[in-house]
Amino acid sequence: LVSLFFGIATIPLSYLLIQQLSLAKEDKKWLGIATMTVLSFSPFFIAYSAEARSYAFLLFLILVAITCFIKASRNSFKFSRALVIWVVMLLMIMLTHFLSILILSGFFVAFVLLKMEENKTLYNSGLMKKIGVVTFLGWLLVTWVWSAANMEKLTEPLNLGWIQKSDL
């Protein structure tokens, strides 16, 4: 029932997020309604809202975090209620799922890009090239370390069989 509760609570929250993005002006209210409709009839969303796992709760936390992130960014991330709620949501997201680092890294990238735009350094092509090279080299290093440490053997016993093994 917990997943069902958060699944149902996520539907109107998606509408509020669309309004927060300023996409649902008077002539575009249909966008929020369409978002709620697609979410309500999504087979994945229905299945995850019926499971005992925390996916519906995670999606709820993510939508609250995004909404508060947008509000905090409009205030230039100065101390506010939205900023506090955003930080609390990030902590709860970290405690909810082991892959939350991907979600947190997305917020980090968005935060850095917003700060760069605020400081007028976002459109500096030399800086963007350097960031691209550092990002690629970081990805390459992590991939090499994963392969060299033979992490597949470490993670193999953790597979419960419901995710098929894949090979690139």
Side-chain angles (χ1 to χ4, degrees), residues 1-139 142:
L1 286 177
V2 173
S3 289
L4 181 63
F5 171 78
F6 283 108
I8 292 170
T10 299
I11 295 169
L13 190 58
S14 66
Y15 180 82
L16 293 174
L17 177 62
I18 294 296
Q19 284 188 330
Q20 186 70 27
L21 290 170
S22 300
L23 297 173
K25 296 200 171 29
E26 291 302 319
D27 58 337
K28 292 191 177 180
K29 289 243 186 234
W30 63 269
L31 192 55
I33 294 169
T35 302
M36 289 191 329
T37 304
V38 168
L39 191 59
S40 298
F41 293 105
S42 166
F44 282 122
F45 183 71
I46 293 170
Y48 286 141
S49 294
E51 280 189 5
R53 296 184 193 147
S54 61
Y55 297 123
F57 180 57
L58 182 65
L59 180 60
F60 178 81
L61 292 176
I62 292 169
L63 291 183
V64 172
I66 291 171
T67 303
C68 291
F69 180 81
I70 292 168
K71 285 181 183 178
S73 71
R74 290 186 179 148
N75 196 15
S76 203
F77 295 100
K78 293 180 180 146
F79 188 77
S80 66
R81 187 173 141 224
L83 184 66
V84 171
I85 294 172
W86 176 57
V87 170
V88 169
M89 290 300 115
L90 291 182
L91 292 172
M92 290 178 70
I93 288 169
M94 285 186 346
L95 295 172
T96 302
H97 202 277
F98 68 97
L99 288 177
S100 62
I101 190 69
L102 299 174
I103 297 161
L104 297 178
S105 63
F107 277 115
F108 176 73
V109 168
F111 176 78
V112 169
L113 290 176
L114 285 171
K115 283 300 184 182
M116 288 176 67
E117 183 178 38
E118 191 176 284
N119 297 334
K120 308 288 187 234
T121 58
L122 181 62
Y123 305 106
N124 182 342
S125 64
L127 180 62
M128 285 296 134
K129 288 176 187 173
K130 291 175 186 173
I131 290 173
V133 168
V134 168
T135 302
F136 176 73
L137 292 176
W139 169 82
V142 168

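Computed over heavy atoms, backbone and side chain alike; hydrogens, waters and symmetry mates excluded.
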Requested in this report: Give the intermediate values and the outcome of side chain to side chain contact (heavy atoms under 4.5 Å, CB included) for residues His97 and Ile62.
Outcome: CA-CA 11 Å; His97 202 277; Ile62 292 169; over 6 Å; no
Checking Thr37 side chain against Ile33 main chain: does a donor-acceptor pair fall under 3.5 Å? yes
So CG of Leu16 and CE of Met36: to nearest 0.5 Å the spacing works out to 9.0 Å
Taking the side chain as every heavy atom from C-beta outward, state whether Leu1 and Phe5 have any atom pair closer than 4.5 Å.
no
Original post:
Is the Phe107 ring parallel, tilted or perpendicular to the Trp86 ring (thresholds 30°, 60°)?
Top reply: perpendicular
Item checked: Step-by-step side chain to side chain contact (heavy atoms under 4.5 Å, CB included) determination, Glu118 to Leu114 -> CA-CA 6 Å; Glu118 191 176 284; Leu114 285 171; over 6 Å; no
Between the CG atom in Leu39 and the CD1 atom in Ile46, the distance rounded to the nearest 0.5 Å is 9.0 Å
The reported gap from OG in Ser100 to CG in Leu95 (rounded to nearest 0.5 angstrom) is 8.0 Å
All heavy atoms of Ala56 vs all of Ser3, minimum pair found to be CB-O, 3.4 Å
In terms of heavy-atom contacts, Gly7 and Ser49 come closest through CA-OG, 3.4 Å
**Prompt:** Would you say the ring centroid of Phe77 lies under 6.0 angstrom from that of Phe69?
**Reply:** yes
Heavy-atom neighbours of Lys115 NZ exceed 12 at 6.0 Å:
yes
Would you say Ser73's side chain and Ile70's backbone share a donor-acceptor pair under 3.5 angstrom?
yes
To the nearest 0.5 Å, atom CZ of Phe60 lies from atom CD1 of Ile93 at 11.0 Å
In this structure, CD1 of Ile103 is separated from CE of Met89 (nearest 0.5 Å) by 13.0 Å
In this structure, CG of Leu61 is separated from CD1 of Ile66 (nearest 0.5 Å) by 11.0 Å
